[in-house]
Amino acid sequence: MRPHDVKEIIISTQEINRRVACLVEEISRSELRKNFVMLGILRGSFMFMADLLRNFYSFGMSPEIDFITLASYGSETESSGRIDLIHDTDEDLREKDVLLVDDILDTGRTLDFARKMFLERGARAVYTCVLLNKKVHRATQIEADFSGFEVENDFVVGYGLDYDNNYRELPHIARVRFHDKEVSP
Ligand code: IMP
Ligand code: MG
């Protein structure tokens, strides 16, 4: 890992909690049928999934849940474009409504890949929900149906997001400041 620090909190735990509750309210008012399947993309989505689910309870929504693992390769902080399915779901998604959940929408390749895959398998509809939306690197048409916060062209960690599999445990979102370069990737 390059020399860096993660001292600068850009989204606090309290802000995350408030926004997650609002997102669930938005989802509850959407076209998504009540008995949907929620699929988290590992590993970054685990904390967000848990908080979304706790809030769904208050709205009387009880989705089935599962996780898939996708890997996108590239440098430590930039995606290359190739997506691999490392671990699949065995849920039968035919005629089901699916809510795909990821930590961050960046180039869009990950969500685009997963969305197309589940539509090909016969899902009735696939909605997407991300905590963070980083618009600068978008390489696909995809936009999230539900999105928590917009972030700038920074590399961010915490609340499930990692830098080289570190910092996932932070209860907030922090900016990674690289010391060998003025501007982060
Ligand atoms: P996409 O396929 O480029 O949209 O990338 C999505 C994946 O890249 C996310 O699921 C993250 O794992 C990773 N990613 C993109 N930006 C960041 C970041 O700022 N911090 C940590 N992970 C990131
Ligand atoms: Mg990820």
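All values reported here derive from a predicted model rather than from experimental measurement. Just so you know, ligand 1 is whichever comes first in the structure, and atom 1 is the first atom listed for that ligand.
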query = For atom 12 (O) of ligand 1, which of Ile41, Asp103, Ile173 has the closest heavy atom?
reply = Asp103
message = My understanding is that we take every heavy atom of each candidate and find the minimum distance to atom 19 (O) of ligand 1. Doing that for Arg175, Arg43, Lys134, Arg109, which one comes out nearest?
response = Lys134
key: Val98, Ile65, Thr69, Leu39 screened by side-chain contact (heavy atoms from CB on, under 4.5 Å) with Thr89, the one that passes   = Leu39
query = Short list, please: which atoms of ligand 1 are under 4.0 Å from a heavy atom of Thr110?
reply = 1 (P), 2 (O), 5 (O), 6 (C)
query = Using a heavy-atom cut-off of under 4.0 Å, does the side chain or the backbone of Asp102 touch ligand 1, or both, or neither?
reply = side chain
4.0 Å heavy-atom contact, Ser72 with ligand 1 = no
ask   = Can a non-hydrogen atom of Asp154 be found less than 4.0 Å from any atom of ligand 1?
value = yes
inquiry  = Quick test of your reading of the model: are Arg19 and Glu26 salt-bridged, counting only N-O distances below 4.0 Å?
reply    = yes
inquiry  = I'd like to know whether ligand 1 has Leu161 as a neighbour, heavy-atom separation below 4.0 Å.
reply    = yes
key: For Thr107, atoms of ligand 1 separated by under 4.0 Å from a heavy atom   = 1 (P), 2 (O), 3 (O), 4 (O)
ask   = Do any nitrogen or oxygen atoms of Val157 lie less than 3.5 angstrom from nitrogen or oxygen atoms of ligand 1?
value = no
ask   = What residues form a salt bridge (Lys or Arg N to Asp or Glu O under 4.0 Å) with Glu31, not counting sequence neighbours?
value = none
message = Taking the six-membered ring for Trp, are Phe118 and Tyr127 closer than 6.0 Å centroid to centroid?
response = no
request  = Pick whichever of Phe155, Phe113, Tyr163 has a heavy atom sitting closest to atom 21 (C) of ligand 1.
outcome  = Phe155
key: Over 12 foreign heavy atoms within 6.0 Å of CD, Glu152   = no
query = Are the aromatic rings of Tyr159 and His172 close, with centres under 6.0 Å apart?
reply = no
ask   = At a 4.0 Å threshold, what atoms of ligand 1 neighbour a non-hydrogen atom of Asp162?
value = 21 (C)
task = May I ask you to decide if Ser72's main-chain N or O and Arg82's side chain share a donor-acceptor pair within less than 3.5 Å?
result = no
ask   = For Asn165, which residues count as a side-chain contact (heavy atoms from CB on, under 4.5 Å) partner, sequence neighbours excluded?
value = Arg43, Asp162, Arg168
